[in-house]
Every structure is written in C-alpha cells, then in structure tokens.
Amino acid sequence: MFEFHRRIDWDANATTSVSASVRREMVRILESIHGNPSSPHRIAHDAAEVLEDARMLVGSALGVEPTSIHFTAGATEAANQVLRGAVRLPGSCRRILTSPTEHASVLATLEDLERSEGVQVVRLPVDSRGVLDLRVLEDAFSEPADLVCCMLANNETGVVQDVGAVVEVAHRRGARVFCDVVQALGKMPVDLAAMDVDFANISAHKIHGPKGIGALYVKSGCALPALHTGGHQEEGRRAGTEAVHDIAGLAQALRDLPRQLGNCEGVRAVRKEFEEGLSRILPEVEFASGRGTGLCNTVHARFPGIPNSVLLGWLDHQGIAVSAGSACNTSSDRPSHVLTAMGRKETAARESLRFSLDPALSPRLLRRQARIVLGKIDDYLRGKVPDVQLLTPATLSPLLQDPRVLVVDARHSVDRKWIPPLSRAVQISWPFGSHLEELPKDRFVVFVCQVGFDAPILAWKLRKSRKGPVGFLAGGMMAWKCSPNNRSNPN
Ligand SMILES: Cc1ncc(COP(=O)(O)O)c(C=O)c1O
C-alpha cells in the first residue's frame, strides 16, 4: 500500500528541531530585550531577569540550586571546562578515570590532555551491554584520581549507567564525578542532587531548544577554574556576555519538558513494538544493549550482513533519517567507539544503525512512523528496491578502465586531499545532488564518496530519474584505500 509521509526524523539523539513555543519565546526576547545583563541600569536588569528565571528553571529541572548553574555555549564547552579545570586545580594528581563509551566531547578532550599535558587517563572496560563494572572502578583507585567521568545515558546505545553507585565509589576514594546528562534529559527523570554528582552538563538542542547553548552544573563547594578569560559573567565561571535569547530558548524548552517526559512510557511501548517488528522481518537482528532497556527512545540494532551505510542510504532516500552512531563521528571511518568498547567486532559495528525516536512526538504519531520505517526496511530486505548495484573495491577495480563506466567522485575537497580521486573520476561539488541532471544518460554511473554514506543516497536518487545502470562503492574511498586489491595500486 502506498503511504504518503513527510520526512521522518528518527535521529533525535543527534539533534531536535526548535519547537514553536521556543521559537516564539526567542523572538519575543529578541524583539523586547536587548540589554547587557551585566550593566547597571533598568534595560540591563530586564535581561538579567531573563537569565535568573532561566537559571531557576534549569536548577529545578535538574533538582539542584539555581546558583550552581552556569550557562555555556553547549555541552561540549561545559565538558571541556570540567576536564581541563580538574587537572589545573592545586593538588590535582592529574589522573582521570573514564568509561570508554563517553561522548567525543569527553574522550577527545581527555586525549588532548593526555597528549599535551601528560595527564594520565584510565579508560575502564564496560561489559557487553556497555555498563561500567563497579569492581573495575574500585580497582582503578589503587592509585588516587581527581575525577571520574560517567555519562548517565549513552547517545548511541541509550544504555543507562548506575551513576549513584559510581559516585558512591568515587567519593569514598576522594574523587569528584562529572556526569554528562545530555541524552537523559527529557527521556528519563534526572536528579543531580539525588545522584550526588559534582559536575554535569546539558544541551538545549537535544530538547527542542536552540543549538549552541547549554549549562554546566557545579556542586556548591567544588572548585572549578574558568575555561577562558574575560569578564566576570556567570559568577566568574564563564566569561563573555550571555546569549540572552538562546538562554531564554533553553528555558522555554525546559518549561515544555514535563509534557515530553509524560510521553516516555508511550514512546517505550512504540520502541518495543518496533523492536518486535524488526525481529519479525529479520530474526537475526541484534540489539546492542538488549531489548527494551535503557533510554525509552533509542534502538541500536545490528543487521547482520548489511553494511549500515547502504541501509542508511536507502532509508534516507525514502525520507527517513537514522544514524550509524554519533553525529560527531559520521565523517570518520572509524567504527563506533561505543560498540568496539562493548566488545563488538568491527564488522558488527559497521552493520549497526541507531534509531532515535523523538519523545516530544505523541506515541500515536510515532507508531505510524514505526510502521512506515519497518515497511521500508522490509522492502529493502525483500529486494523491493530500485535496482542499484553495490560495488566493492574488488568489483569496481576492473570497471575503472571501461569507457562505458563513469565514476563520479562526490566528496568534499578536504577528503580528496586525504585520499586522492580514482583516475578518470568526474568530481562533483557540494551540494552533490544538484549535479545529477548533468550526468550522461548513456553510461553506467558509479558514485564514490569518502566513507560510504553519501554515494548510496545519490545512486538511489539518480536511479529514480533514469533507466540505465547506476551503482555505488560500498564503504567509499576509505574501503578502497583499505582494500588489499588496491593498496599497491591506489588507482
Ligand atoms: C551525550 C552527549 N554529550 C555531549 C554532547 C555535545 O553537546 P553540544 O552539541 O551541546 O556540544 C552531545 C551531542 O551530540 C551528546 O549526545
């Protein structure tokens, strides 16, 4: 049956759209309030009031005092401040314990501190569900540490850690705990005081607020140096004039949050039906953290034998946005660090997709979307898709000299510097889709991209408008570069 649908965004863990109420509130503030909150007059006072109202809302959403909340330009900045600050404090032993499944904002910052400052970073193993082992944490305190990083909910798998138990161990051993609650907020209750964490961060764009704004929680009595120098805004913790309209947007998103939280049980029910549906159409499907556990909205599934780039491309072509992991890592070829830390083989990591439902949508709408997504996956599995040829480096290699074949290189110039184009490949520039009309109709068009996500989308798009053969290189130029066939013969 033909079902019309607008785009389905099942990538809510990457970001969410700005809601109508947030947009209205931000416009209201932009139109009516322009003062610098730090200035000493009435106009400034109006702006300062917006900040203090927002601070109260953040504090109450997280179960802590408003005075412990500081606005930042997003969660990444807040994480940087905590990690870089922790090792600058007098008496710091410059040793940090972390779970290896943290977000890139933590892991990349720790790598940098390791490299540039000689900080000792200990990455504790997790079990096959991605859960931190408390005995391993306890053992890691055979030497003192300043800080433990443990996120509440994982952005890729949705697995939820027992942060209260982690805090108990860390505090007993004299370490502070930084907890990234970015993904948990709005998908489960978050009470920082009950968990007793020392530092935490949130991000507005994950809860239908604007991008580039977030907040840092610093427990009263915990010292933390500022990340950069400047004015004394945010109690000296974050220099720079506050983005009043963005902060008002974050506050409005938090006002709307109880409604979203009220949806969570319904969202979990849809998720369960979706997981059951996947198992019905593909019994071999595997769920990264087990079925039904973790965040209400996140399904992380492995489709054995199917490269995630191909299924992702097919779904995108059908107007359905999903993801192969964290949005911060899509331009890299490395398989998900979360899955590898959970002991999955590289192939398994490359066959996994994340479906993150938007918990602000009604379960009724999500159920309708789930039916469509399942239908499109089923079409793919039954081969009911336009005929597009999937090429590997081995099958593409002999075609490169064939004059009837046109290889189209759909990559950004920076990627071409890193891996040179195939000989005789035609290069098209961003936006790649706008060049499809120009391609000759009498040749077998083969798209190649960097890591394999763009080419299948282009191939299916082109196939829709023409009869001739179309193909793409699975895994992109990265697969080409790594292929034993082509190591000695880059072109
Ligand atoms: C778990 C987690 N932490 C931190 C971040 C970074 O947030 P921001 O985009 O506000 O810097 C994200 C967003 O991708 C995330 O999912």
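Just so you know, ligand 1 is whichever comes first in the structure, and atom 1 is the first atom listed for that ligand. Computed from a predicted model, the values in this text were never measured in an experiment.
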Q) Are the charged groups of D246 and K211 less than 4.0 angstrom apart, N to O? A) no

Q.
Please determine whether a side-chain nitrogen of the Lys or Arg among D316 and R7 lies less than 4.0 Å from a carboxylate oxygen of the Asp or Glu.
A. yes

Q: Find all atoms of ligand 1 within a distance of less than 4.0 Å from any non-hydrogen atom belonging to G74, and give their numbers and elements.
A: 10 (O)

Q: Applying salt bridge (Lys or Arg N to Asp or Glu O under 4.0 Å), run through D256 and R259 and close with a yes or a no.
A: CA-CA 6 Å; D256 298 339; R259 216 178 113 237; over 6 Å; no

Q) Is the W460 to F447 ring centre distance short of 6.0 Å? A) no

Q. Based purely on interatomic distance, does A75 place a nitrogen or oxygen under 3.5 Å from a nitrogen or oxygen of ligand 1?
A. yes

Q. Out of D180, N155, I213, whose heavy atom sits nearest atom 2 (C) of ligand 1?
A. D180

Q: Could you tell me whether the side chain of Q183 and the main chain of N13 form a donor-acceptor pair under 3.5 Å?
A: yes

**Q.** K206 and ligand 1 - part of the residue with a heavy-atom distance under 4.0 Å
**A.** side chain

Q: Kindly confirm or rule out an N or O of S203 lying under 3.5 angstrom from an N or O of ligand 1.
A: yes

Q.
Quick check on contacts: which atoms of ligand 1 are under 4.0 angstrom from a heavy atom of M151?
A. 1 (C)

Q.
Check this for me - ligand 1, Q183, N or O atoms closer than 3.5 angstrom, yes or no?
A. yes

Q) At under 4.0 Å between heavy atoms, which part of S105 makes contact with ligand 1: side chain, backbone, both or neither? A) side chain

**Q.** Between D198 and H171, a side-chain donor and acceptor under 3.5 Å
**A.** yes

Q | Distance-only side-chain donor-acceptor flag, T157 / H300, under 3.5 Å | A | no

Q: Heavy-atom distances under 4.0 Å are what count here, so tell me which part of H205 touches ligand 1: side chain, backbone, both or neither.
A: side chain

